[in-house]
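Take a look at the structure below.
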Amino acid sequence: QVHLVESGGGSVQAGGSLRLSCAASGYTRSNYCMGWFRQAPGKEREGVAMMYTGGGGEYYAHSVQGRFTISQDNAERTLYLQMNSLKPEDTAMYYCAAAVGWVGIPCGEIPEYNYWGQGTQVTVSS
């Protein structure tokens, strides 16, 4: 079991920045994929950024490349998403997720992340 708790969402004007955090607890084995997903009202959920908990393997959606950065603090078991140059189209509920049990598959290609946080809202105004 992996328990995930997100924080750091909020409202910001276009061009601004936010940093999301995801604190993980429970499963302690290293090197599984964790990532950030988002879902806007009326839209499908989108994978935003993922990486291995052991480091490396970063994946970014094309829509956020160059603006968002995923990182982690292994000691604190915390995953981050630094979001810069935010746009109104980045407005969504952002979820942290973990994929435990998938081996040898790039984080961006895992078909199902099996642990999810409760989400944190990001709203970007124009």
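The backbone N or O of Y52 lies less than 3.5 Å from no partner atom in the side chain of N31, so there is not a single donor-acceptor pair. Checking side-chain atoms of T78 against main-chain N and O of E76 turns up a donor-acceptor pair under 3.5 Å. One N or O on the side chain of W102 and one on the backbone of E112 form a donor-acceptor pair closer than 3.5 Å. Although no hydrogens or angles enter the test, the distance criterion places a donor-acceptor pair under 3.5 Å between the side chain of E6 and the main chain of Q118.
Take E46 and apply the salt bridge (Lys or Arg N to Asp or Glu O under 4.0 Å) test, not counting sequence neighbours, and it matches R38. In this view, Q13 and S125 satisfy the side-chain contact (heavy atoms from CB on, under 4.5 Å) rule, not counting sequence neighbours. Under the rule for a side-chain contact (heavy atoms from CB on, under 4.5 Å), the partners of S11 that lie at least two apart in sequence or sit in another chain are T123. Not counting sequence neighbours, the partners of P106 by the side-chain contact (heavy atoms from CB on, under 4.5 Å) test are E109.
The minimum heavy-atom distance linking A49 with Y60 is given by the pair CB-CD2, 3.7 Å.
Applying the salt bridge (charged side-chain N to carboxylate O under 4.0 Å, His left out) test to pairs two or more places apart or on separate chains, those with a residue in residues 51-72 are R67-D90. Pairs of residues two or more places apart, or lying in two chains, that qualify as disulfide bond (SG atoms under 2.5 Å apart) and include a residue from residues 71-106 are C22-C96.
M93 places none of its side-chain heavy atoms less than 4.5 Å from the side chain of V122.
The structure places CZ of R19 at 9.0 Å from OG of S7, a figure rounded to the nearest 0.5 Å.
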